[in-house]
Amino acid sequence: MPKMIISIDGTVIGQMALAKDRTTLGRRAYNDIVLDNLAVSGEHAVLHMRGGEVEIEDLNSTNGTYVNAIVVQKQQKLKDNDVIEIGGCRLHFRARSSAASDTGSTRAARGDYAASVPLSAAPTEAGALLELGIPVLRVLSGTDQGQEVPLQKVVTTIGKPGVAVAVVTRRRQSYLASTIMGGVTLNDAPLGAEPVGLQEGDVLELGGATRMQFVRV
């Protein structure tokens, strides 16, 4: 099964098996592949799969779609190892992927603590986003206990407005947490507006109710 390996700023953030006839790419949350970058249009491009072949089509995007550094004029058939550039994001096309790679899945938390997670990327069928070592915030207590929030975006906001809100920022291979609103603690110590690096097993508590653990999966 064909797949896309997705990277931002040189860091691989995931892959997606192409199991659908039509796979959309863009900044809006309802796309199949959500690319959270201001240089990416809301509905930027679409991948068409016909038989064993995949074509990419630019949807009149503002900044264009490039394959191997050449702008896509209309529809263009993709070859194994082609590199697609959309805004600051790169997608490496592989015409074939292993069965093991196609069976993974990403779990996204729902409710108040999933405000900035692209839920359209959550798995509903084969072809969902597969994580490649992406850290998660595992909910230890609260209404979403047992759920996981993948930190696949550059900035992930967690919490409930008016109660407690924190932000986790990805900088290459490191992740930093800071408080935006309300009472947030990191390992039972108050967390302020100054970003603090997260380590494996660190626990964030929001508003004294929800506890989330930083885990690399």
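Bear in mind the structure is a predicted one, so any value in this text is a computation, not a measurement. Just so you know, residue 1 is the first one in the sequence shown, and it goes up from there.
Counting non-hydrogen atoms of neighbouring residues, nucleotides and ligands closer than 6.0 angstrom, the CD atom of Gln199 reaches no more than 12 such neighbours.
Shown here for Gly201 and Gln213, the closest heavy-atom pair between the two residues is O-NE2, 3.2 Å. Residue Met1 comes nearest to Ala19 through the heavy atom pair SD-CB, 4.0 Å, listed as atom of the first residue, atom of the second, then distance. Contact detail for Ile86 and Ala45: the closest heavy-atom pair is CD1-CB, 4.3 Å. Across all non-hydrogen atoms, the minimal contact from Met49 to Pro2 is SD-CG, 4.0 Å. When all heavy atoms of Thr156 and Pro150 are compared, the pair lying nearest together is OG1-O, 4.5 Å.
Using a 4.0 Å cut-off between charged side-chain N and carboxylate O, Arg94 and Asp80 make a salt bridge. Salt bridge absent: Glu57 and Lys74 never bring a charged side-chain N and a carboxylate O closer than 4.0 Å. Under the 4.0 Å criterion applied to side-chain N and carboxylate O atoms, Glu55 and Lys77 are not assigned as salt-bridge partners. Between Arg211 and Asp188 there is a salt bridge, with a side-chain nitrogen of the basic residue lying less than 4.0 Å from a carboxylate oxygen of the acidic one.
Every residue two or more places apart in sequence or in another chain that forms a side-chain hydrogen bond (donor to acceptor under 3.5 Å, both in side chains) with Glu43 is listed here: Tyr30.
One side chain, Asn31 or Thr24, offers a donor N or O that lies under 3.5 Å from an acceptor on the other. Between the side chains of Ser61 and Asp58, at least one donor-acceptor pair of N or O atoms lies under 3.5 Å. Inspection of the His92 and Asn81 side chains reveals an N or O donor paired with an N or O acceptor under 3.5 Å.
A distance of 4.0 Å separates CD1 in Ile56 from CD1 in Ile84, rounded to the nearest 0.5 Å.
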**OP:** List the steps and the verdict of side chain to side chain contact (heavy atoms under 4.5 Å, CB included) for Phe93 and Met4.
**Re:** CA-CA 5 Å; Phe93 175 69; Met4 288 289 179; 3.7 Å; yes
Original post:
After noting the C-alpha distance and the side-chain angles of Leu140 and Val203, does the key distance pass the side chain to side chain contact (heavy atoms under 4.5 Å, CB included) rule?
Top reply: CA-CA 9 Å; Leu140 303 178; Val203 175; 4.3 Å; yes
**OP:** Step by step, work out the side chain to side chain contact (heavy atoms under 4.5 Å, CB included) result for Ile158 and Leu206.
**Re:** CA-CA 9 Å; Ile158 54 175; Leu206 298 97; 4.1 Å; yes
